[in-house]
Asks: 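Here it is: the structure, laid out below.
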Amino acid sequence: MHKIKQQAGVLVRQVALFGWVQARCCAFAVALFGGMAVVRLLPPLPAARYDLLLAYGVLLTAVCHLLGWETRRDVAVVAVCHVLGLVFELVKVHVGAWSYPEPALTKVAGVPLYGGFMYAAVGSYGCRTWRLLDLSFTGYRARVTAVLAACLYVNFLTHHWLPDLRWALGCLLLCATWGTWTYFTVGDRRHRMPLALSFALVGFFLWLAENVATYLGAWRYPYQLDGWEPVSMSKWVSWALLITVSFVVRANWPVTATPAAVARRP
């Protein structure tokens, strides 16, 4: 009985510590959503809300770097995610998948430039997770995973005109990551989980974050224009697949964890 209690205590401490580290990993995203909430509560101002959020996002990025939350390399990865996100937004808004109904000076083709910061937040989370949990991998197939991530990104842009291949690509991704383990450190203990499971878990929390963001008016789906409604659960699958893009960007960034490096310590 004493041993069971001891093991339960260790488990509780590990879960609590893991939750704390995850909260630290989400610092950029939490600060970004906090800014969205504050701007929404402000009285009418001379500047448009989207313009204020752009200025806030740039300032937040600079502060995170100055505080040491983001390394110079992390900022570069986050910037790439921002650009990829803006391209994604331009296509999705163009086809009417969602919209940014409020006016702003910094809107291009209906997309405010701050829109890329939602994807930048995902990139920031990935970079901080990599460092704070000391991620490493075994069985990671770098080339095929990168190719499938690129195909998924393109498919999410082109499926409005071409056949939607996300399920087929998702199955191929599952095959490519079969046997790939993610190792991470919580306190003084090393744990592991399948890489595909980590994608699914991150996708779920991104779906929750998307619900918060749309509730705060960051953007609107067509069915939310007359009043907020929960985001479709199908977006969970979309995020679980799309997260592979930021993962590949981080995994293959120069002088970072490359396939030879990520497998060095299980």
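One-based numbering along the sequence shown.
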Asks: Do the rings of Phe137 and Tyr140 sit parallel, tilted or perpendicular, given the 30° and 60° boundaries?
Replies: tilted

Asks: Grab the two heavy atoms, one from Ser246 and one from Cys81, that are nearest each other, plus how far apart they are.
Replies: CB-SG, 3.9 Å

Asks: So Leu195 and Phe247, do their side chains get closer than 4.5 Å, heavy atoms only?
Replies: yes

Asks: Please determine whether the number of non-hydrogen atoms from other residues, nucleotides or ligands lying under 6.0 Å from atom NE2 of His94 exceeds 12.
Replies: no

Asks: Are the side chains of Arg166 and Val237 in touch, meaning some heavy atoms are under 4.5 Å apart?
Replies: no

Asks: Let me know which of Arg128, Arg189, Arg190 forms a salt bridge (Lys or Arg N to Asp or Glu O under 4.0 Å) with Asp134.
Replies: Arg190

Asks: Taking all non-hydrogen atoms of both residues into account, name the closest pair between Ala120 and Val78 and its distance.
Replies: CB-CG1, 3.5 Å

Asks: Inspect the surroundings of CZ in Phe205 and state if more than 12 heavy atoms from other residues, nucleotides or ligands are less than 6.0 Å away.
Replies: no

Asks: Rounded at 0.5 Å granularity, tell me how far CZ in Phe204 sits from CD1 in Ile243.
Replies: 15.0 Å

Asks: For the CD atom of Gln22 and the CG atom of Leu17, what is their distance to the nearest 0.5 Å?
Replies: 10.5 Å

Asks: Check Arg141 against Trp178 and note the closest heavy-atom contact, atom names and distance.
Replies: NH1-O, 3.0 Å

Asks: Could you measure the distance from the OG1 atom of Thr177 to the CG atom of Leu172? Nearest 0.5 Å is fine.
Replies: 10.5 Å

Asks: Before you tell me yes or no, could you show the steps for Leu206 and Tyr125 under side chain to side chain contact (heavy atoms under 4.5 Å, CB included), namely the whole-Å CA-CA distance, both residues' side-chain angles and the distance that decides it to 0.1 Å?
Replies: CA-CA 11 Å; Leu206 286 174; Tyr125 168 82; over 6 Å; no

Asks: Verify the neighbour count for atom OH of Tyr153: are there more than 12 heavy atoms of other residues, nucleotides or ligands below 6.0 Å?
Replies: yes

Asks: Got Trp161 and Val95 here, is their nearest side-chain heavy-atom distance under 4.5 Å?
Replies: yes

Asks: Taking the side chain as everything from C-beta on, heavy atoms only, tell me whether Arg131 gets closer than 4.5 Å to Thr71.
Replies: yes

Asks: Atom NE2 of His82 and atom OG of Ser124: how far apart are they, to the nearest 0.5 Å?
Replies: 13.5 Å

Asks: Test your reading of the model: is there a side-chain donor-acceptor pair from Thr180 to the backbone of Gly139, 3.5 Å cut-off?
Replies: yes

Asks: Is there a chain of hydrophobic side chains (I, L, V, M, F, W, Y, each step under 4.5 Å between heavy atoms) that links Trp236 to Val231?
Replies: yes

Asks: Indicate the atoms forming the closest heavy-atom contact of Gly116 with Leu86, along with that distance.
Replies: N-CD2, 3.6 Å

Asks: Determine whether Trp69 and Phe117 fall in the same hydrophobic cluster, where Ile, Leu, Val, Met, Phe, Trp and Tyr are linked whenever their side-chain heavy atoms lie under 4.5 Å apart.
Replies: no

Asks: Return yes if a side-chain donor-acceptor contact under 3.5 Å exists between Tyr221 and Glu229, otherwise no.
Replies: no

Asks: Using side-chain heavy atoms (C-beta onward) and a distance below 4.5 Å, is Glu89 in contact with Tyr100?
Replies: yes

Asks: Are the side chain of Asp51 and the backbone of Thr106 linked by a donor-acceptor contact shorter than 3.5 Å?
Replies: yes

Asks: Flag yes if more than 12 heavy atoms outside Leu201 fall under 6.0 Å of its CG atom; otherwise flag no.
Replies: yes

Asks: Using side-chain heavy atoms (C-beta onward) and a distance below 4.5 Å, is Leu242 in contact with Leu152?
Replies: no

Asks: With hydrophobic residues grouped by side-chain heavy-atom distances under 4.5 Å, do Val147 and Val249 end up in a single group?
Replies: no

Asks: Do Val38 and Tyr56 have side chains that get closer than 4.5 Å, going by heavy atoms?
Replies: no

Asks: Given 3.5 Å as the limit, does a donor-acceptor pair link the side chain of Lys107 with the main chain of Glu102, or not?
Replies: yes

Asks: If you define the side chain from C-beta out and look only at heavy atoms, does anything of Phe156 sit under 4.5 Å from Leu241?
Replies: yes

Asks: For Pro163 and Asn155, work out which heavy atoms get closest and say how close.
Replies: O-OD1, 3.6 Å

Asks: Which distance, rounded to the nearest 0.5 Å, do you find between the CZ of Phe33 and the CZ of Phe28?
Replies: 10.5 Å

Asks: Which pair of non-hydrogen atoms, one from Ala31 and one from Leu60, has the smallest distance, and what is that distance?
Replies: CB-CD1, 3.7 Å

Asks: Could you state the interatomic distance from OG1 (Thr145) to CG (Leu173), rounded to the nearest 0.5 Å?
Replies: 6.5 Å

Asks: Would a single hydrophobic cluster contain both Tyr114 and Val80, if residues Ile, Leu, Val, Met, Phe, Trp and Tyr are joined by side-chain heavy-atom contacts under 4.5 Å?
Replies: yes

Asks: Would you say Val83 and Phe88 are hydrophobically clustered, going by side-chain heavy atoms of ILVMFWY under 4.5 Å?
Replies: no

Asks: Have Glu70 and Thr61 got a donor and an acceptor in their side chains that come within less than 3.5 Å?
Replies: no

